[in-house]
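Below you'll find the structure, written out as structure tokens, and then a few comments.
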Amino acid sequence: MSNNVRVRFAPSPTGGLHIGGVRTALFGYLFAKQNKGSFILRVEDTDQTRFVEGAEEYIVETLNWCGIIPDESPQNGGEYGPYRQSERKADYRKYAEQLVESGNAYYAFDTPEELTAMREKYKTKENPSPQYDKNTRTKMKNSLTLSEAEVKDLLDQNTPHVIRIKVPANEQIQFTDIIRGDIENDSNLLDDKVLLKGDGMPTYHLAVVVDDYLMKVSHVFRGEEWLPSAPIHVLLWKYLGWEKDAPDWAHLPLILKPDGNGKLSKRDGARLGFPVFSLQWEDNKGFKELGFLPDAFINLLAVLGWNDGTEEEIFSMEDLLEKFDVKRINKAGAKFSYEKAVWYNAEWVKRASVDSLLPAIKKELAAAGIVADNKKIKIVLAMVQERISLLPEAVKEMDYFFRKPVQVDTETINKKWSEQHTAFYNELKTIWADTEWTKENLETSFKELISKHEMKMGAVMLPFRIMLVGGKFGPGVFDIASFLGKEEVLERVLVNS
RNA sequence: GCCGCGUUCGUCUAACGGUUAGGACGCCAGGUUUUCAUCCUGGUAAUAGGGGUUCGAUUCCCCUACGUGGUACCA
């Protein structure tokens, strides 16, 4: 027994971890670390039919990318392992049977067909989905209705069966949620949830309680979708005799779809054209692949349902560790906004150092076939950094610094072109061929030539820019020209005329 | 259907029961940049409805509506 804070993140390896899951991990992690406690990764792989190869590794990589590093996990072990529920199978049966012995659970031998038959039989328009509960369990095939000998017989013959909790009648089940306060449920409305499945695996309900107890978990952070089954868990903590060790619960508000209604799901990304995964999962690009910085990702996740009460919106992991407060987590679900997410990334890109951006930018450039040495990339990056919100945009912003523009907006150039222009640029090339190549010299000589030809600044500047970069974009022309160098600039000017 | 949870600008949100209801994203306009983006300035837009309680309700209570979650041998 200790007062140590221990928080677990317990995902199921049924596919990619979406942003809701990562936020749950983040909040739990922040809370654990603020209290000098432990953060634990436990893999809830009790549903063998939904198990997905590679999902566990994916979860670990995601957490790693986000900087949410578990103190205990299947990979790194810990004092309370194993950390995969499939490897703890024996425990669950033991506790389930303990519950049967104490009269708080019972064996049920109903087949799936019999269950659907029951639901059909008792279905009414007022009650479209009858539960296996205090009313119906007396009519089913279980150790409450069968004689002791019959049950023993069935068990001896290895008849498929489950163990169900025996929910008591007429009780008010109360617990306190960190975010929502006191919550009360009428036990008459609860059903006899399956605790141990026919395959010997526990359901979530049994497994969380047993593992949270065995792993000495002190605080549970999970999605709001668990609120309705929390009273079952409360009952289980009590029946197992662990009431005084029960954790505090914090049911996080849901992250909702940006369009219509409903909670965000793994499939929404593909449908709506924005990422729901942190890293690429199957064909779905993640935030990372789309060019998000981990800092920005953490930031945007943190403010989805939380704020510090001030007008500050930019938080690093360090800031969050200091300022995060579970008491300020919102109750209402939040619609996810990809536009705001992109804005957060732009903010983080602007704040990042050129050096920290370099590796990722280099990768983007290389993928586009642009290879250059670090020193040059850094010079250019410093020039265009504030124009980039998503990392892949760096390619468009930096491309013309390293090779001649492929697409040139000749239409704009030609529109106002005249003999005078040709003369101007020809003379410019001649002058520049003998000019010492500094930004200041270029700018001065360019402007002198404009007055000599009595032309308008705008009339020559824009075509010059377009010849250099290909279009109406980019930093100051003379910055670009001085970087490109004499030879390259002279090659680009008038090349199309 | 039943049960739980929720409800402030389009979106994310702030506001000891007393504020011209604040900020951010987006959008619009202007300025800077003789380009574009950044940046700066301004604008747009909200307390779901109805009852209470109170000198006074965004805030507390009730009802309704709406949203959302659950109602599985899925988590």
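Each chain gets a letter, A, B and so on, in the order the sequences are listed, and its residues count up from 1. This structure is a prediction, so every number in the text was calculated from the model and none was measured. The analysis underlying the following values was restricted to heavy atoms, covering all of them including side chains, and did not include hydrogens, waters or symmetry mates.
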Say we look at [N] and [M]: how far apart would their [atom1] atoms be, to the nearest angstrom?
{"N": "A37(B)", "M": "U44(B)", "atom1": "P", "value": "24 Å"}
{"N": "U38(B)", "M": "A24(B)", "atom1": "P", "value": "16 Å"}
{"N": "C60(B)", "M": "G22(B)", "atom1": "C1'", "value": "23 Å"}
{"N": "C12(B)", "M": "U47(B)", "atom1": "C1'", "value": "16 Å"}
{"N": "U20(B)", "M": "G31(B)", "atom1": "P", "value": "34 Å"}
{"N": "A72(B)", "M": "A14(B)", "atom1": "P", "value": "35 Å"}
{"N": "A46(B)", "M": "C25(B)", "atom1": "C1'", "value": "16 Å"}
{"N": "U58(B)", "M": "U64(B)", "atom1": "P", "value": "22 Å"}

What is the nucleic acid contact for [X], judged by heavy atoms within less than 4.0 Å: base, sugar-phosphate only, or nothing?
{"X": "Ser129(A)", "result": "base"}
{"X": "Glu126(A)", "result": "base"}
{"X": "Asp110(A)", "result": "base"}
{"X": "Glu311(A)", "result": "sugar-phosphate"}
{"X": "Lys263(A)", "result": "sugar-phosphate"}
{"X": "Arg119(A)", "result": "sugar-phosphate"}
{"X": "Val384(A)", "result": "nothing"}
{"X": "Thr46(A)", "result": "sugar-phosphate"}
{"X": "Val162(A)", "result": "base"}
{"X": "Gly305(A)", "result": "sugar-phosphate"}
{"X": "Pro475(A)", "result": "base"}

>> Just the rounded figure in Å: distance from P of G23(B) to CD of Glu312(A).
In response: 16 Å
> For Lys416(A) and U35(B), what is the distance between atoms NZ and C1' respectively, to the nearest whole Å?
Replying inline: 12 Å
Can the ring centroids of [X] and [Y] be said to lie less than 6.0 angstrom from one another?
{"X": "Phe315(A)", "Y": "Trp306(A)", "value": "yes"}
{"X": "Phe221(A)", "Y": "Phe9(A)", "value": "no"}
{"X": "Tyr204(A)", "Y": "His233(A)", "value": "yes"}
{"X": "Phe464(A)", "Y": "Phe446(A)", "value": "yes"}
{"X": "Phe287(A)", "Y": "Trp348(A)", "value": "no"}

Any side-chain N or O of [X] less than 4.0 Å from the OP1 or OP2 oxygen of [N]?
{"X": "Asn307(A)", "N": "U13(B)", "result": "no"}
{"X": "Asn330(A)", "N": "U13(B)", "result": "yes"}
{"X": "Lys197(A)", "N": "A75(B)", "result": "yes"}
{"X": "Arg50(A)", "N": "A72(B)", "result": "no"}
{"X": "Lys350(A)", "N": "C39(B)", "result": "yes"}

> What is the base-pairing partner of C2(B), counting Watson-Crick and G-U wobble geometry with both distances under 3.5 Å?
Replying inline: G70(B)
>> Quick check for you: among C3(B), A75(B), U35(B), whose closest atom lies nearest to any side-chain atom of Phe473(A)?
In response: U35(B)
>> Should the side chain of Lys193(A) and the base of A72(B) be counted as holding a donor-acceptor pair, with the cut-off at 3.5 Å?
In response: no
> Picking from Arg88(A), Arg8(A), Arg84(A), what satisfies salt bridge (Lys or Arg N to Asp or Glu O under 4.0 Å) with Asp211(A)?
Replying inline: Arg88(A)
